[in-house]
Amino acid sequence: MSDKQGMVVLVGAGPGDPGFITLDGLNWLRRAEVVIYDRLADPRLLENCPSSAQRIYVGKTPDPAGQDQEAINRLLIEHARAGRLVVRLKGGDPLVFGRGGEEAGALRQAGIDFRIVPGVTAALAAAACAGIPLTDRRLASSLALVAGREDPAKPQSSLNWRALAGIDTVVFYMGVTALDSIAANLAAAGRDAHTPAAIITAAGSPSQRVIVTTLGQLPQAAAGQQVRPPALIIVGQVVGLREQLAWLERLPLYGRRIIVTRTRRQNSELSARLAELGAGVLEAPAIEIAPVTDTSAINACLNRLGEYDLVAFTSANGVAAFAEHCRRLGVDGRALASARIAAIGPATAEALEQLFLKPDVMPDTFTTEALGTALAKLFRGEGQEKSQQPRPRKVLLPRADIATDTLPELLRQAGAQVDEVAFYRTLCPDSLPADAAGALRDGAVDWITFASSSCVTNFLALLTKSGLAIPTATRLAAIGPVTAETLRQAGLTPHVIANPYTIPGLVDAIVRAEIGGV
Ligand code: SAH
């Protein structure tokens, strides 16, 4: 036993979409020392835990006899007794068909401190995502949540079907294997067999499916449609409102599966934009950012930062690495007071603005070449808005180890003295994540996005390593002409090229292709 008091927090993870967790739940996850999670809790949520947190999966074999439950209870008690902050992450809400009550009971009995954080239960998420209000002033003012599959050990149904037949909206959890009995029992208890009904699978996730039918037709409607758990059945007049209120299916990228290939950190912005538009996103980072091993060149240039007339940034990663090394060396931001600052495009400019640095130069199109041309003009003294400033001479390019010669060449030709310094390294990850590899193997990928040439090169290397190829029906989206050219050189055809050459431009190009059926 440790001196520190351990505790268990039962946290509802919400269903289907990792965004459905509460802020409170997320805050506990961020502090967790041990996370014990279920089959229905989205594993992406675990990315929020401290990297040192121990992750324990307990969802493999649902055992109705409750032996698993005993083992889980023991696990919770054991880790809490060891003085740890244990987050018990459960799909949906912990107290709705989630055995949260049993777990809390066992903890109380063992004298362990616990909290319960509510979650969005599947019925609420399914209703919202399918456009089916569970209550409606005109159609339904009562609601029941029902366990569709009962304990098989029980000789007969313990549900009061007569009472359920009188409830306006009835939602069945765990009911896909009991559609016959649900339809038969509810109708026999007096509910009209023509009552609208819906089966909603994987609610909240990009593979959500909704089948609309009637109570009497439930088993037939599901037959042959490969209805798999997790699924809910909603019975009631409110199901009819879906015709007017369905919204997910109207999103421009609904039903599309898209692989994004940037760095893990940068993927999230692109993924979020695509997911917002309805796409199912698989992240396959093709670039890893790593620190440089020998920092002597960085130290040398940062210690003389005040000597540069211009510092030109060609990526947000470069800005981040530059800031990190300035902090490491204790460089004061005012060392840049007399230097002009250039950014290749809006994402780099935004990263600079986060550091209170406003770029003086940004080209009209966001390529290295365009940046080089714009800067060359500056060195030649052409088109100077800031005419009071002297023509620059000395320039610093904080870049990646694999950057090309295009920019320094253009600058040198214009008479600049260029210090090109690798501030970070880009590496190729070891392998593709299993979900992306599986989707490629099944040919179930609609798009792959490439936000740089090195993404293309590394992603293709990762494919080869896994013995995979890009499926023939998969379309490729390039952020700009240089990335598109790299694809062509690899014998691939970019189906869309963003314009402007930015992440929003990339998303727009895909949406336009989908809407226009290009
Ligand atoms: N505690 C959970 C329920 C767990 S019981 C909650 O509050 O949601 C498991 C059942 O929940 C499944 O059989 C299914 O009926 C339902 N369920 C969970 N996630 C779901 C989802 N994404 N889509 C549809 N039903 C879901």
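Being a predicted model, the structure only gives us computed values, none of them experimental. Just follow the structure's listing: the first ligand is 1, and inside any ligand the first atom is 1.
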*asked:* So, taking the atom named OG1 in Thr449 and the one named CD1 in Ile503, what distance separates them when rounded to the nearest 0.5 Å?
replied: 7.0 Å
_Is there a polar contact, in the sense of an N or O pair closer than 3.5 Å, between Asp93 and ligand 1?_
yes
*Proximity of Ala202 to ligand 1 by residue part, where a heavy atom lies under 4.0 Å*: backbone
_Give me the nearest non-hydrogen protein atom to atom 10 (C) of ligand 1 as residue plus atom name, then the distance to 0.1 Å._
Met174 CG, 3.7 Å
*Pro15 neighbourhood, listing ligand 1 atoms whose heavy-atom distance to it stays under 4.0 Å*: 19 (N), 22 (N)
*asked:* Heavy-atom distances under 4.0 Å decide this one: backbone, side chain, both or neither, for Ala125 against ligand 1?
replied: neither
*asked:* When you measure from the heavy atoms of Gly91 to every atom of ligand 1, does any distance fall below 4.0 Å?
replied: yes
Would you be so kind as to tabulate the donor-acceptor pairs closer than 3.5 Å made by side chains of residues 194-204, with sequence neighbours excluded?
residue : atom : partner : partner atom : Å
His194  : ND1  : Asp192  : OD1          : 3.2
Thr195  : OG1  : Asp192  : O            : 2.5

*asked:* What protein heavy atom lies closest to atom 25 (N) of ligand 1? Include the residue and the distance to one decimal.
replied: Leu232 CG, 3.4 Å
*asked:* With heavy-atom distances below 4.0 Å as the criterion, list the atoms of ligand 1 near Leu40.
replied: 9 (C), 18 (C)
_Students should be able to answer this: which protein heavy-atom is nearest to atom 7 (O) of ligand 1, and at what distance?_
Thr121 OG1, 2.6 Å
*asked:* Could you check whether any side-chain heavy atom of Asp38 comes within less than 4.5 Å of a side-chain heavy atom of Arg88, counting everything from C-beta outward?
replied: yes
*Taking the side chain as every heavy atom from C-beta outward, state whether Leu274 and Trp447 have any pair of such atoms under 4.5 Å apart.*
no
*Any salt bridge (charged side-chain N to carboxylate O under 4.0 Å, His left out) involving residues 426-441? Give me the pairs, sequence neighbours left out, ordered by first then second residue.*
none
*Side chain to side chain, Tyr57 and Arg39, heavy atoms closer than 4.5 Å*: yes
*In Å, rounded to the nearest 0.5 Å, how long is the span from OG of Ser141 to CG of Asp168?*
5.0 Å
*For ligand 1, which atoms sit closer than 4.0 Å to a heavy atom of Ile200?*
24 (C)
*asked:* Is the shortest side-chain heavy-atom distance between Arg512 and Val496 below 4.5 Å?
replied: no
*Which ligand 1 atoms does Val96 reach within 4.0 Å, using its non-hydrogen atoms?*
1 (N), 2 (C), 3 (C), 6 (C), 7 (O)
*Considering only the protein, which heavy-atom contact is closest to atom 20 (C) of ligand 1, and what is its distance?*
Pro230 CB, 3.5 Å
*May I ask you to identify the nearest protein heavy atom to atom 14 (C) of ligand 1, giving residue, atom name and distance to one decimal place in Å?*
Ala231 O, 3.3 Å
*Distance from Leu89 atom CG to Arg55 atom CZ, nearest 0.5 Å?*
11.5 Å
*Please state which protein non-hydrogen atom is closest to atom 17 (N) of ligand 1 and give its distance, to 0.1 Å?*
Ala122 CB, 3.4 Å
_For atom 5 (S) of ligand 1, what's the nearest protein heavy-atom neighbour? Residue, atom name and distance, please._
Phe97 O, 3.4 Å
*asked:* For Glu350, I'd like to know if atom CD has over 12 heavy atoms of other residues, nucleotides or ligands within 6.0 Å.
replied: no
*Tell me: protein heavy atom nearest atom 22 (N) of ligand 1, and distance?*
Ala203 O, 3.1 Å
